[in-house]
**Student:** 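One structure, pasted below without further comment.
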Amino acid sequence: METSARTHGWRAKLHEIIYGTHTPAGKLFDIALLILIVYSVIIVMLESLPRFDVKYHRFLDTSEWVVTILFTIEYILRIICINKPKKYVFSFFGIVDFLSTIPKYLSYFVVGSQYITAFRALRLLRVFRILKLVRFVGESNNLIRALKASRTKIFVFVFFVLIVAVLLGTIMYLVEGPEHGFESIPHSIYWTIVTLTTVGYGDISPETSLGQFIATFIMIIGYGIIAVPTGIVSAEYATKDDKDKEINGSSCQDCGAHIMSMDAEYCRKCGCKLTED
């Protein structure tokens with residue numbers, strides 16, 4: 001019984017360090033993991049440079065093995081310290097962690113040059129480690145909630161923009177015609193969307209005075225369109241920021257969900273009791 005209590009205490013402490021950000025040890029772990037992630041991504045990018053890889057292949061290969069082993073240890077510890085490991089293993093970040101670790105092992109065990117070439121592509125999955133950087137953005141949860149809350153307004157706005165693009169594209173087809181590159185209405189709509197979003201590939205351009213006037217009008221509208229969704233999300237973000245001033249830096253030991261409220265007693269996702277009586 002005493003051994004079980006010690007084990008539980010050890011797992012709880014480990015969980016607090018790995019999944020929590022409200023303690024000095026948790027912050028130090030996150031910083032160390034952030035440095036390791038950035039370093040691993042730099043290694044992957046350097047390996048893609050043929051001249052650099054030829055010159056420093058041994059160093060890069062050794063560094064990749066060290067990084068892979070450290071990520072493997074981290075992955076195992078994450079499974080050990082959570083009460084319901086399946087939820088982590090099959091979660092988004094759990095799959096990312098797994099996929100970013102196995103390619104190095106696969107490239108080591110696969111024998112035969114004809115197969116190594118194909119399996120080397122799997123090593124590119126290590127770049128997925130950069131997705132873990134989301135964990136270190138403290139305001140990411142607020143931003144995600146703001147985007148979700150404003151998705152209806154954004155959808156209506158995008159739908160309105162598509163209607164405008166269809167109308168203006170049809171007008172441009174009538175004004176310019178196939179002789180000026182506007183071969184069909186869909187092609188004209190494509191040009192309108194490209195112009196409206198201020199991308200401007202330049203593969204099609206109006207040649208008539210009226211067409212150029214309409215194009216100028218579309219470009220001006222484009223700058224206004226950029227500001228609208230930004231304003232919608234910003235307003236929602238500010239509202240959410242006022243409502244959610246207190247954000248806990250820990251996570252549930254059962255399912256790994258982030259605990260949003262400082263005084264929460266139960267997990268918002270699985271209902272597990274968070275505080276000890």
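The shown structure was predicted, so the numbers you read here are calculated from the model rather than taken from an experiment.
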**Student:** Could you grab the distance from atom SG of Cys81 to atom NZ of Lys13, nearest 0.5 Å is fine?
**Tutor:** 13.0 Å
**Student:** Measure across Ile189 and Ala165 and return the closest heavy-atom pair with its distance rounded to 0.1 Å.
**Tutor:** CG1-O, 4.0 Å
**Student:** Quick one: do Phe217 and Leu167 end up in the same hydrophobic cluster if we chain Ile, Leu, Val, Met, Phe, Trp and Tyr together by side-chain heavy atoms under 4.5 Å apart?
**Tutor:** no
**Student:** Looking at residues at least two apart in the chain, or sitting in another chain, which of them share a side chain to side chain contact (heavy atoms under 4.5 Å, CB included) with Lys55?
**Tutor:** none
**Student:** So which atom in Pro206 and which in Met172 form the shortest heavy-atom distance, rounded to 0.1 Å?
**Tutor:** CB-CE, 3.8 Å
**Student:** Of all heavy-atom pairs between Ser63 and Tyr39, which one has the smallest distance, and what is that distance?
**Tutor:** OG-OH, 3.1 Å
**Student:** Within a strict 4.5 Å, meaning less than it, do heavy atoms of the Asp97 and Arg78 side chains meet?
**Tutor:** yes
**Student:** Please enumerate all residues that pass side chain to side chain donor-acceptor pair (under 3.5 Å) together with Thr208, with sequence neighbours excluded.
**Tutor:** Glu176
**Student:** Nearest 0.5 Å please: distance from the CG atom of Asp61 over to the CD1 atom of Ile43.
**Tutor:** 10.0 Å
**Student:** Should the pair Phe182 and Trp191 be assigned to parallel (<30°), tilted (30 to 60°) or perpendicular (>60°) ring geometry?
**Tutor:** perpendicular
**Student:** With under 30° as parallel and over 60° as perpendicular, where do the rings of Tyr75 and Tyr88 fit, or are they tilted in between?
**Tutor:** tilted
**Student:** What are the two closest non-hydrogen atoms of Gly169 and Ser188, and how far apart are they?
**Tutor:** O-CB, 3.0 Å
**Student:** In Å, rounded to the nearest 0.5 Å, how long is the span from CG of Leu60 to CG of Asp53?
**Tutor:** 6.0 Å
**Student:** Restricting to ring-ring contact (aromatic ring centres under 6.0 Å, His included), what partner residues turn up for Tyr56, sequence neighbours left out?
**Tutor:** Phe52
**Student:** Cut-off 3.5 Å, side chains only: do Thr216 and Gln212 have a donor facing an acceptor?
**Tutor:** no
**Student:** If you compare all heavy atoms of His180 against all heavy atoms of Ile204, which two are closest, and at what distance to 0.1 Å?
**Tutor:** O-CG2, 4.2 Å
**Student:** Rounded to the nearest 0.5 Å, how far apart are OG1 of Thr195 and CD1 of Ile221?
**Tutor:** 11.5 Å
**Student:** Give the minimum heavy-atom separation between Asp30 and Ile18, together with the two atoms involved.
**Tutor:** OD1-O, 4.2 Å
